[in-house]
Amino acid sequence: MARYHIETYGCTSNRGESQAIERALRDGGHYPVPDPARADVAILNTCTVVEKTERNMLRRAEELDDQTPADLVITGCMALAQGEAFREAGIDAEILHWDDVPEYVRNGECPTTTPDTDVLMDAVTGILPIARGCLSDCSYCITKQATGTIDSPSIAENVEKARRLLEAGAREIRITGQDTGVYGLDDGDHKLPKLLRRVCELPGEFRVRVGMANPKGVHGMREELAAVFAEHDELYNFLHAPVQSGSDDVLDDMRRRHRTPQFVEIVDAFEDRLDYWTLATDFIVGFPTESDADFRASMDLLERVEPEKLNVTRFSKRPGTDAAEMDGLGGTEKKERSKAMTDLKMDVVGTAHEAMVGERRCLLLVEDGTEDSLVGYDEAHRQVAVPGAESMGLALGEFVDVEITGHNTVYALGEPV
Ligand code: SF4
């Protein structure tokens, strides 16, 4: 769980980007602190509109670099257009695109929301952490040290929390945990499918997103889980199963509990049951023992499963973890591999978005967008922005049928029909 400090400069669009970053961080159990000296990561979302602004941005970045022991991330327009200026000023910071900031903070680890969290975001989205901890001991993970082994409250307790969220006005429930795929295994049984059925049977019109589930846990219930998704329209047809590598040797060194054939079997089970769904997965590139052949295996796996959503994390050492003690790859090599995979990701994800154009989808509007647009998610939890939505009288929490008219690399665009 990281404490983050975020500062935003510039236009409303930049502020919207910061809101999106914050939403993703809060969703993952991270929380804001006003004082950068108390943060684990400081984020500076920059503007580059005039030269004076640029000087201010450089000065603020230098201050943050000096004043905070935190990792410093610089994003926003100036970071993207003139990232070199920060490096030339000797500022020790990670320069990132807005979309990559949450993943950088998460560092390939699982979210850290706990069952005590009871949150309603933007008055529409309820966060439902169903368990704390995991059954793994990944060699690169620092989260595990804080959360320990899996501890699952009963199905009845979690259903009651879901009911309360709906009564408080939630139209979307996000089920989270370090690893939702092992929920119930401390009691000897996979309980996620049963929990989902019970939540979907609650009264009301709403949708449910299932958060990250590691492949080992999902593999043990893949047929039943895919069947539950097929049975219930309340569930977004969305599976986030982080594979992390396409090489079983690297998975061994990462101490992941699954192997690549199991991951492929999960994808095939969902493919068999669902016509329209989203596979989200994560890869860590540049793990210390990752050879050229291992990296190629990851690229091959990516091409084989074609995830519609993909997080690529460049490996970085976390203090106190076993992976931090391993002799690592050079920064240039990690950077090149990360770029190659990100390029491939753009192709794969771009193709998925392109296939949506001309289709009709039913969105649940859950987030403010830029200007008067609203952002929603369709049946497979694909993100769709609706320009001009507020001027048309639409509001957060409403369902709306749209035709997909275009896309960029992150989201599709929809027009109400
Ligand atoms: S599954 Fe692995 S990465 Fe996730 S919390 Fe457990 S040990 Fe950490």
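Read the numbers this way: they start at 1 and go in the same order the structure lists the ligands and their atoms.
- Remark: Leu25 engages Tyr4, Ile21, His30, Ile43, Pro102, Val105 in a side-chain contact (heavy atoms from CB on, under 4.5 Å) (not counting sequence neighbours).
- Applying the 4.0 Å criterion to heavy atoms of Cys141 picks out, from ligand 1, the atoms 3 (S), 5 (S), 7 (S), 8 (Fe).
- Near Cys134, meaning under 4.0 Å from any of its heavy atoms, are these atoms of ligand 1: 1 (S), 5 (S), 6 (Fe), 7 (S).
- To the nearest 0.5 angstrom, Ser139 atom OG is 5.0 Å from Arg255 atom CZ.
- Relative orientation of the His381 and Phe238 rings is tilted, given thresholds of 30° and 60° on the angle between their planes.
- A heavy-atom separation below 4.0 Å is found between Asn214 and ligand 1.
- In summary, no N, O or S atom of Cys138 is located under 2.8 Å from atom 8 (Fe) of ligand 1.
- Scanning for side-chain contact (heavy atoms from CB on, under 4.5 Å) contacts around Glu336 gives Thr332, with sequence neighbours left out.
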